[in-house]
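This report concerns only the one structure given below.
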Amino acid sequence: MENIYLPKLAEIKEIIQETADTKTIRLTIDGGSIDFLPGQFGEFSFIGEGESTFGFSSSPLRKEYFEFSFRSSGRATTGINSLNQGDKIAFRGPYGNYFDTSKMKGKDLVFVGGGIGMAPVKSIMEYCLDERDDYGKITILYGARSVGDLLYKGIFDEWKKYKNTEVIITVDPGGETPDWTGKVGFVPTVLEQLPLKGENSVAIVCGPPIMIKFALKSLEEKMGFDKSNIITTLENRMKCGLGKCGRCNVGSVYVCKDGPVFTAKELESLPNDF
Amino acid sequence: MSRIGVFVCWCGSNIAGTVDVEKVREEAAKIPGVVSALDYKYMCSDPGQNSLRNIIKEKNLTGIVLAACSPHMHENTFRKAAAKEGLNPYFVEIANIREQVSWVHEDKERATAKAVDLMKMMVEKVKRDRPIEDVRVPLNKKALVIGGGIAGIQAALDIANGGVEVILVEKEPSIGGRMIQLDETFPTLDCSSCIMTPKMVEANQHPNIKLYTYSEVEDISGYIGNFKVKIKKKARSVVEKDCTGCGECWNACPMHKNVKSEFNVNLSERTAIYVPFPQAVPLVPVLDRSVCLHFKKGGKCQKCYDACGPKCINFDLQDEIIEETVGAIVASTGYDLMDTSMYGEYGYGKYKDVISGLQFERLLSASGPTEGLIKRPSDGKTPQTIVFVQCVGSRDPEKGVPYCSKVCCMYTAKHAKLFAHKVHGSQSYVFYIDIRSTSKGYEEFVRGTMEQDGAIYLRGRVSKIYEDEGKLIVKGADTLSGNQVEIAADMVVLATGVIPKKGSDKLAQMLGISYDKYGFFTESHPKLRPAESSTAGIFLAGMAQGPRDIPESVVSGSAAASKILGLFSKNEYEVEGTIANVNEATCVACFYCQRVCAYNAISKKEIKDRSGKLIKVVANVNPGLCTGCGACVNACFSKSIDVKGFMDDQIYAEIKALAV
Amino acid sequence: MANTKTDEKLQKIAKDLLESGEVSLVIGYAKGSNLQRMRPVFITKAEDAGKLSFNPHAVQDLAVFLKKPEVKKFGKIGIVVKGCDEKAVNALIQEYQISRDNIKIIGMECNGVIRQSLADKGETNLSESAVYDKCLICEEHIPVLYDFLIESEEPKLVLSGNVKPYSGIEKLESMSAEEKNAFWAKEFDKCIKCYACRQACPLCYCSRCIVEKNMPQWIDTNSEETGNAQWNLIRAYHLSGRCIGCGECERACPVNIPLMLINEKMAKDVYNMFGYKSGLDINAKPVFGVFSESDFNDFIK
Amino acid sequence: MEEKYFEISAENLKKFVDSIIADNFEVIAPTDKDGGTFYGKISRFEEANLDILLPKMSYKEYLLPKTETLLEYSFSGVDTEIKDGLEAVAGANEKRVIFGGRPCDAGAGPIMEKVFNWDYKDEFFNERFKNLTIVSIACEKPDNYCFCTEMQLSPESSYGSDILLKKAEGKYFAVVTSEKGLNLIEPYINLFKETAKAQVPADKDWKKLFEIERTKSFLDKNFEHNYFQDRFLSCIGCGVCTYTCPTCHCFDIQDEGNLKEGRRIRNWDSCQFGVFTLHTSGHNPRVTQGDRYRQRLMHKFKIYSEKFDKYLCVGCGRCSRNCPEDIDIKEVAKDLADMA
Amino acid sequence: MEDKDVKKEEHKGRKHVEDSQGDPRIIAFVCNWCTYSGADLAGTSRMKYSDNVRVIKLPCTGRIDPLFIVEAFKKGAKGVLVSGCHPGDCHYTSGNYHSRRKYATFRDLLGYLGVDLDRVEFSWVSASEGNKWVSIINEFTDKIKSLPGKSTDIFTKK
Ligand SMILES: Cc1cc2nc3c(=O)[nH]c(=O)nc-3n(C[C@H](O)[C@H](O)[C@H](O)COP(=O)(O)OP(=O)(O)OC[C@H]3O[C@@H](n4cnc5c(N)ncnc54)[C@H](O)[C@@H]3O)c2cc1C
Ligand SMILES: Cc1cc2nc3c(=O)[nH]c(=O)nc-3n(C[C@H](O)[C@H](O)[C@H](O)COP(=O)(O)OP(=O)(O)OC[C@H]3O[C@@H](n4cnc5c(N)ncnc54)[C@H](O)[C@@H]3O)c2cc1C
Ligand code: SF4
Ligand code: SF4
Ligand code: SF4
Ligand code: SF4
Ligand code: SF4
Ligand code: SF4
């Protein structure tokens with residue numbers, strides 16, 4: 001008999017303060033990573049304060065660790081926030097479906113992330129960068145409310161180093177600082193100005209609902225992306241991650257099992273319950 | 001990420017003698033999140049503080065716990081030290097292991113266990129500390145004084161002399177308050193107008209004082225540093241700046257027999273256009289529209305207009321609303337006298353020669369209705385026998401008020417004294433309950449009245465006064481001799497108790513300050529903050545706070561002034577950041593928080609969407625007013641308000657740390 | 001079933017209110033899923049007013065709907081209330097949840113409502129033993145505040161005095177701490193933490209109840225002795241001095257916990273200590289919004 | 001196992017129940033307490049109320065306790081120790097019999113089992129379910145709120161029961177459908193008389209009021225429909241419908257404890273609560289009670305059936321009987337069917 | 001094993017190590033201005049009192065939520081003391097008045113639900129009443145120690 005709710009303990013290898021309230025936590029189990037695929041998520045907990053759902057934010061190909069990024073917002077996340085390097089985090093997973101890279105191979109890729117939504121994007125993006133030769137042109141567009149809210153500031157340059165890879169970072173109007181050299185504008189607006197074509201391309205979009213809504217529209221209507229080539233993730237509230245607790249379903253779909261990754265086409269067929 | 005440093009102080013042997021400080025340190029080191037644990041002989045010493053500062057730097061600490069003496073001793077010391085290293089000073093918590101452990105317990109093992117617990121509690125608390133910024137409120141350096149009696153005038157003058165602009169609002173046509181109605185004042189018997197008039201004139205002429213008489217405060221909003229005040233300047237019907245105060249108008253007014261003079265407490269009459277008294281400041285008449293024939297008879301009469309040389313009478317003048325912004329307020333609205341009609345047995349109002357103390361002052365006054373001669377209102381004769389009755393209304397929980405009006409013993413003694421001085425061979429009797437004469441020279445003053453001026457003091461209450469053949473028969477008890485006494489008097493003077501000025505409760509509500517059940521404004525702390533109201537930036541002076549005499553009123557006026565000058569000596573008002581904070585997402589606008597807040601710090605806030613549509617109403621904390629007392633937190637059912645520094649989750653964490 | 005006179009009056013008032021535009025919604029009762037049941041109905045069109053009805057099976061306290069955001073959206077609302085329910089409207093006004101200007105109160109004179117458990121078994125006669133305890137102690141057969149009043153056609157409830165309302169309170173009061181503890185432990189053990197008691201309460205209007213706050217976790221989430229006791233205690237505490245005695249919590253409770261024994265006890269104590277009864281005066285200050293210097297102090301050393 | 005049929009007299013049934021109680025079985029039966037009828041432990045046959053149609057609550061707490069410990073933890077310094085909560089559940093319900101429930105309640109078990117096993121296997125549920133013995137009684141007089149017939153069951157269905165008792169002329173026929181059932185009566189077999197299927201009175205022809213497939217087909221087509229918002233204005237979101245329902249199974253996972261030790265538990269939860277789906281950001285997919293009751297209908301009559309080919313409702317009518325605002329799910333399901 | 005027993009077993013596993021009544025844990029919630037200072041005064045005067053008490057300091061009695069009492073019991077306290085400024089002396093004018101109403105009601109409720117009221121104590125201790133603090137703590141501790149061993153509160157597992 002196996003207790004599916006029993007977590008494993010992972011050790012915190014490193015904590016990266018991304019913004020004032022967001023951190024990336026790098027974990028290891030037995031000195032290495034676990035098997036997961038980009039887009040999947042896990043249930044993480046500081047034991048005693050409750051479990052929370054986070055997507056993995058690192059590339060599964062980087063075997064020495066696995067990562068997630070979180071914003072401190074409630075009881076569980078505040079608990080996790082208080083941990084230090086060397087402390088243990090309880091972890092269950094990986095759960096859910098994933099970004100199907102077989103359908104992305106050989107194509108141009110557009111990664112669009114907004115705010116904390118960049119976390120799951122980073123995972124698939126770095127995965128593709130790790131196997132850079134398998135894909136065509138890669139465009140990365142990442143935006144946040146203000147410069148202070150940008151995650152992963154330290155590694156933008158790393159992404160840029162890859163061949164045929166464009167990295168565009170933007171902040172919402174008003175969120176710029178005097179020394180800001182990136183773009184200023186909402187993600188969907190900046191996206192619209194990019195010379196992207198829908199053919200032979202796949203777009204991966206994650207972020208706040210409003211951003212997703214407009215980004216999908218631009219990609220579809222202005223750039224001619226096929227709906228099945230626009231991929232995003234849902235973040236419905238979930239507890240078990242195992243398709244039992246009854247919280248995450250959208251229509252007949254269990255986001256924890258059948259998701260969290262969906263194409264725009266799939267989303268279209270779902271009732272407006274997310 | 002918590003990176004807590006724990007510092008255990010030995011306090012020489014004060015702590016280390018009873019508490020195993022090393023054990024406390026060892027236990028601290030075991031707590032998750034604690035990255036440094038040290039013990040040291042004297043943490044508060046310079047080397048102690050330096051090591052603390054070094055470790056903050058070295059270990060990049062996010063919080064500090066000192067297991068040491070009471071926070072009341074050194075919390076500030078350590079906070080300052082932490083602040084010097086750039087750590088938010090509120091990230092310092094103290095476990096009191098001296099006053100509340102080592103000094104009160106003897107068993108070392110158990111004392112140590114307790115010290116460990118207290119330390120753990122504070123570690124859990126500090127883990128949940130959020131950065132707190134002290135609140136800075138910019139100050140409009142202008143003051144408002146409400147009420148131009150002696151207290152208000154004193155406050156206004158002191159503030160103005162300190163170089164700060166003052167707005168003085170007086171309801172009546174003239175400033176001066178009650179004091180200018182008095183004749184001579186105890187205990188020195190200097191003439192009230194002689195000392196008051198110059199002050200009134202000074203206030204009027206002071207470049208820093210703007211005087212609004214015949215005016216009232218209509219509305220006040222805002223908070224310390226930034227009160228928005230609406231003042232209603234009632235229509236005088238006289239253009240102030242043109243008026244010379246010559247008196248032609250009131251001399252011309254045909255209405256001179258019909259209107260009772262408020263200033264002379266109904267002992268004389270005034271005209272429809274009038275100045276309340278000859279030394280009024282400003283010396284500009286007011287036209288009382290409720291009695292003026294021009295207004296009552298449809299514009300027929302305009303005798304005053306005709307008489308006025310500069311033609312400054314204008315029947316069409318309207319009330320004016322003036323808006324001012326001030327940084328601080330003095331409330332000095334003074335007092336009224338109790339209505340003694342409930343003492344039917346004393347015949348006040350029924351017998352003309354039963355008068356109040358204030359009326360007697362007017363009879364004594366050289367500028368009064370009798371030009372200083374004591375005459376009976378009934379027949380104008382000089383009374384030979386006067387009975388003074390003290391405590392009419394005061395100290396009488398049944399009919400009047402339970403408190404002592406404080407000035408009556410003294411003014412009655414004064415009255416008896418002045419009566420003896422003015423009417424030779426006269427006799428006065430004083431019925432009293434107790435004699436309260438506690439200030440400098442007061443007891444001597446009363447003794448003098450008895451011994452030199454021959455007043456007969458009878459201890460007891462008067463039971464009945466009635467008229468008989470032109471005499472007032474006063475029946476009462478002399479409880480000292482045990483005899484019933486009956487005195488045939490020519491006049492009876494009732495020392496009526498004082499009560500807050502009518503409408504002071506309304507004003508208090510407008511100001512958001514608290515007042516007691518009688519309507520006297522309550523001080524923020526009766527002993528330590530006697531000049532402050534419960535609301536920051538609003539100060540109190542004079543009788544409005546409770547019974548007091550002139551010297552005390554002056555002192556309190558000056559006290560309020562000095563508080564304001566002190567406040568204004570900085571450009572910003574700084575409040576500790578440990579104030580309440582509303583969770584707008586869950587607040588349901590029940591406003592229980594507002595009901596219990598003694599500082600009026602909670603107001604309603606409307607949250608609107610971009611199109612201006614009201615989404616919801618929530619509670620809003622005014623940082624300038626909130627004291628962080630936390631009463632609101634208890635009142636909130638849905639736990640939508642919390643006090644920084646003592647957040648619910650911190651308290652719960654402390655309890656959790658104690659779990660057995 | 002045919003319209004009674006009461007129904008007709010009710011329908012007329014509702015129709016007029018809706019037609020004149022004075023309200024955009026009337027909350028009332030309509031016939032329910034069986035003959036002995038009534039159910040809430042929401043009338044927005046004058047022509048639907050005919051659905052309205054009232055009789056001694058109208059057990060629900062419709063004031064509970066005034067806290068629903070979906071209902072609040074209607075702005076001006078007419079509501080059918082019995083005397084007890086009307087007190088809830090008053091309390092909601094006192095606590096700023098609704099404004100007197102936005103509500104038209106259609107008060108029903110009520111001589112009692114029949115316990116639902118009995119009604120479901122077929123009871124239709126209004127009698128001392130059939131009505132809820134609250135009806136036996138009711139002092140507001142005619143609502144204290146209303147815009148319209150509809151007098152009752154039902155005969156007045158005859159009280160023989162044989163049925164002692166809330167008799168459990170006295171019994172409990174005379175018990176020792178251990179016995180009380182045992183009594184309540186048994187009751188609370190049944191609780192399944194469904195929070196129906198809260199949802200059914202017109203005065204539990206918090207958009208996020210304390211039980212839904214987890215920083216700190218005010219109430220243990222478990223539905224065992226500890227969590228259940230905490231929940232029941234805190235709910236009772238939050239309703240002390242506020243509960244108007246409509247008994248809806250107890251009626252909603254699926255496991256029959258005698259919640260009114262707590263509510264009524266607290267109402268009694270609050271009245272004894274502070275002279276305050278909830279919901280009687282929309283201008284009164286709620287008992288926990290004020291204090292008196294001479295408040296009960298005996299228990300404090 | 002192939003079904004077996006027995007006859008048992010009323011007297012022997014009483015003996016049988018009293019005997020298993022004497023042999024340390026915990027017998028849970030409808031019993032009168034707290035001013036109502038609830039499932040509860042009985043110590044004598046007489047304490048069972050076999051006349052009541054349905055107790056107020058279902059017996060799901062014996063399959064899914066209202067609070068269940070998933071794991072326990074303790075801290076020593078920075079080290080965390082985790083103890084598997086499953087150990088405590090091993091063998092649960094082995095000596096527990098639910099006696100006198102109805103076919104609808106019995107039908108709920110296998111329905112829930114599917115959710116708890118469709119992918120990951122929830123052994124907490126399985127362990128309890130596997131061990132529990134269910135002896136039900138066929139209904140003779142369903143009430144207004146019952147609609148098991150519409151829900152693919154019937155008042156005489158043996159689905160989910162280990163033993164189904166059918167009353168006939170003062171005696172009972174026992175339909176034994178499982179080894180578990182057989183094992184239960186084995187030691188007392190002399191009280192029973194084996195008989196043939198033909199001897200057991202045939203099921204009556206129960207009429208359906210509406211076709212549930214039509215309800216589903218309405219739901220298939222109408223996610224946004226005024227009906228939901230209007231009809232459920234009167235729903236106060238109390239969750240009684242879900243808590244009393246034998247098939248509602250949603251739960252919440254929470255940690256509870258102090259700085260030394262604690263546990264992770266799961267508690268019953270309800271889709272009727274506003275916070276159920278509330279995102280941390282404040283966004284809530286289901287804002288109104290209409291949205292939430294629609295979810296319940298969807299889950300019962302559409303979502304579940306698409307995954308598991310059965311409906312998540314056994315037609316017991318508890319939610320209707322217990323709803324304080326008199327919302328009748330049968331009526332609603334029929335309304336929807338009529339609109340389809 | 002029967003399920004009920006299983007439950008009991010589970011409870012045992014989680015059960016707090018029962019403090020013996022001989023050494024009960026007492027938690028005191030006190031206001032900063034009066035009682036905390038009073039307790040400090042007891043210290044500076046080197047008075048001695050029972051060491052079972054753990055003090056949690058809050059700004060004002062007005063901030064001492066009755067629910068803290070429940071939490072203290074939940075976490076194993078055997079007695080809870082709430083103490084603040086005397087009526088009329090509140091540093092924040094009326095915090096203690098408002099709370100007094102709540103305490104009176106809450107205490108009633110606790111008693112009615114079967115909490116042994118001997119375990120909950122309220123007091124007014126001013127900054128000058130070091131001696132009162134000492135005697136309140138000592139008497140309260142003695143009282144708790146004398147109470148029957150089994151706890152009667154409903155917030156901890158039995
Ligand atoms: C697929 C998926 C991927 C995600 N990825 C990320 C990510 O990469 N980064 C990120 O920052 N966020 C992510 N999120 C969101 C993240 O899960 C939530 O922000 C986080 O769980 C909330 O934090 P919390 O648990 O501290 O909040 P809380 O809401 O305080 O939760 C604390 C505990 O209390 C419980 N709880 C919460 N509310 C209540 C209540 N009303 N009543 C009772 N108990 C309650 C919670 O379930 C939890 O056990 C993701 C969510 C999903 C579904
Ligand atoms: C009969 C009698 C004799 C006394 N004799 C002596 C004595 O000999 N020696 C002595 O020391 N004390 C004496 N006193 C006491 C003395 O009168 C007071 O101590 C003193 O006048 C208090 O001054 P004040 O400024 O506080 O109040 P007040 O003199 O009452 O002044 C208050 C002023 O505020 C104004 N005001 C009120 N409300 C408003 C408003 N809403 N807006 C604007 N303005 C407002 C009033 O019109 C008034 O001008 C005597 C008192 C009495 C009754
Ligand atoms: S008491 Fe709480 S819910 Fe009520 S208005 Fe104040 S903060 Fe909001
Ligand atoms: S903390 Fe005190 S002063 Fe501040 S808002 Fe709350 S009750 Fe008012
Ligand atoms: S129990 Fe308390 S917090 Fe919850 S809804 Fe009711 S009043 Fe609000
Ligand atoms: S309604 Fe009953 S079972 Fe539900 S939470 Fe309230 S007391 Fe508990
Ligand atoms: S029981 Fe009735 S009122 Fe309660 S949530 Fe269910 S449908 Fe709504
Ligand atoms: S939904 Fe209603 S009728 Fe269906 S099983 Fe649940 S409680 Fe019974």
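Keep in mind that this is a model prediction, so the values were computed, not measured. Any value given below was found using the heavy atoms of this structure, including those in side chains, with hydrogens, waters and symmetry copies removed. Just so we're on the same page: letters track the sequence lines, and every chain starts at 1.
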Worksheet item: Distance from T215(D) atom OG1 to K330(D) atom NZ, nearest 0.5 Å?
Response: 12.5 Å
Item to complete: Find the one option among N34(C), V64(C), V71(C) whose heavy-atom pairs under 4.5 Å with chain D are most numerous.
Response: N34(C)
Fill in: R198(C) and C209(C), any side-chain heavy atoms less than 4.5 Å apart
yes
Worksheet item: Where on C253(C) is there a heavy atom nearer than 4.5 Å to chain D: the side chain, the backbone, both, or neither?
Response: backbone
Item to complete: Against chain D, label N228(C) side chain, backbone, both or neither, depending on which of its atoms sit under 4.5 Å from a heavy atom there.
Response: side chain
Item to complete: Return yes if a side-chain donor-acceptor contact under 3.5 Å exists between E95(C) and Y205(C), otherwise no.
Response: yes
Discussion item. With no hydrogens and no angle check, just 3.5 Å: does a side-chain donor-acceptor pair link T288(D) and Q229(D)?
Written reply: yes
Worksheet entry | Residue part contacting chain D, namely of V255(C), when any heavy atom lies under 4.5 Å | both
Worksheet item: Checking heavy atoms, do the side chain of F42(C), its backbone, both or neither come under 4.5 Å from chain D?
Response: side chain
Worksheet item: Between I27(C), I192(C), I257(C), which residue shows the highest count of heavy-atom pairs closer than 4.5 Å to chain D?
Response: I192(C)
Practice prompt. Scan side-chain atoms only and decide if S33(C) and D326(D) contain a donor-acceptor pair under the 3.5 Å cut-off.
Written response: yes
Item to complete: Would you check if there is a donor-acceptor pair between the side chains of K31(C) and S53(C) at a distance under 3.5 Å?
Response: yes
Worksheet item: Given a strict heavy-atom distance threshold of 4.5 Å, which part of C191(C) is in contact with chain D: side chain, backbone, both, or neither?
Response: backbone
Practice prompt. Against chain D, label S117(C) side chain, backbone, both or neither, depending on which of its atoms sit under 4.5 Å from a heavy atom there.
Written response: neither
Discussion item. For K190(C), which atoms come within 4.5 Å of any heavy atom of chain D: side chain, backbone, both, or neither?
Written reply: both
Worksheet item: How about N256(C) and R251(C): does a side-chain donor come under 3.5 Å of a side-chain acceptor?
Response: no
Worksheet item: Just by modelled atom types, is the C201(C) backbone N or O under 3.5 Å from a matching donor or acceptor in the K67(C) side chain?
Response: yes
Discussion item. To the closest 0.5 Å, what do you measure between CZ (R96(D)) and NZ (K41(D))?
Written reply: 9.0 Å
Worksheet item: Between D34(D) and chain C, which part of the residue has a heavy atom less than 4.5 Å away: side chain, backbone, both or neither?
Response: both
Practice prompt. Identify which part of P69(C) has an atom lying under 4.5 Å from any heavy atom of chain D, answering side chain, backbone, both or neither.
Written response: neither
Practice prompt. Identify which part of Y29(C) has an atom lying under 4.5 Å from any heavy atom of chain D, answering side chain, backbone, both or neither.
Written response: neither
Worksheet entry | Those residues of residues 231-240 of chain D, ordered by number, that approach chain C below 4.5 Å (heavy atom to heavy atom) | R231(D), F232(D), L233(D), S234(D), C235(D), I236(D), G237(D), C238(D), V240(D)
Practice prompt. For the pair E72(D) and R263(D), find out whether any cationic side-chain nitrogen is under 4.0 Å from an anionic carboxylate oxygen.
Written response: no
Discussion item. Tell me whether R321(D) forms a cation-pi arrangement with Y145(D), defined as NZ or CZ under 6.0 Å from the six-membered ring centre and within 45 degrees of its axis.
Written reply: no
Fill in: CG-OH distance between L261(C) and Y166(C), expressed to the nearest 0.5 angstrom
8.5 Å
Discussion item. Given heavy-atom pairs under 4.5 angstrom as the criterion, report whether the side chain, backbone, both or neither of E331(D) touches chain C.
Written reply: side chain
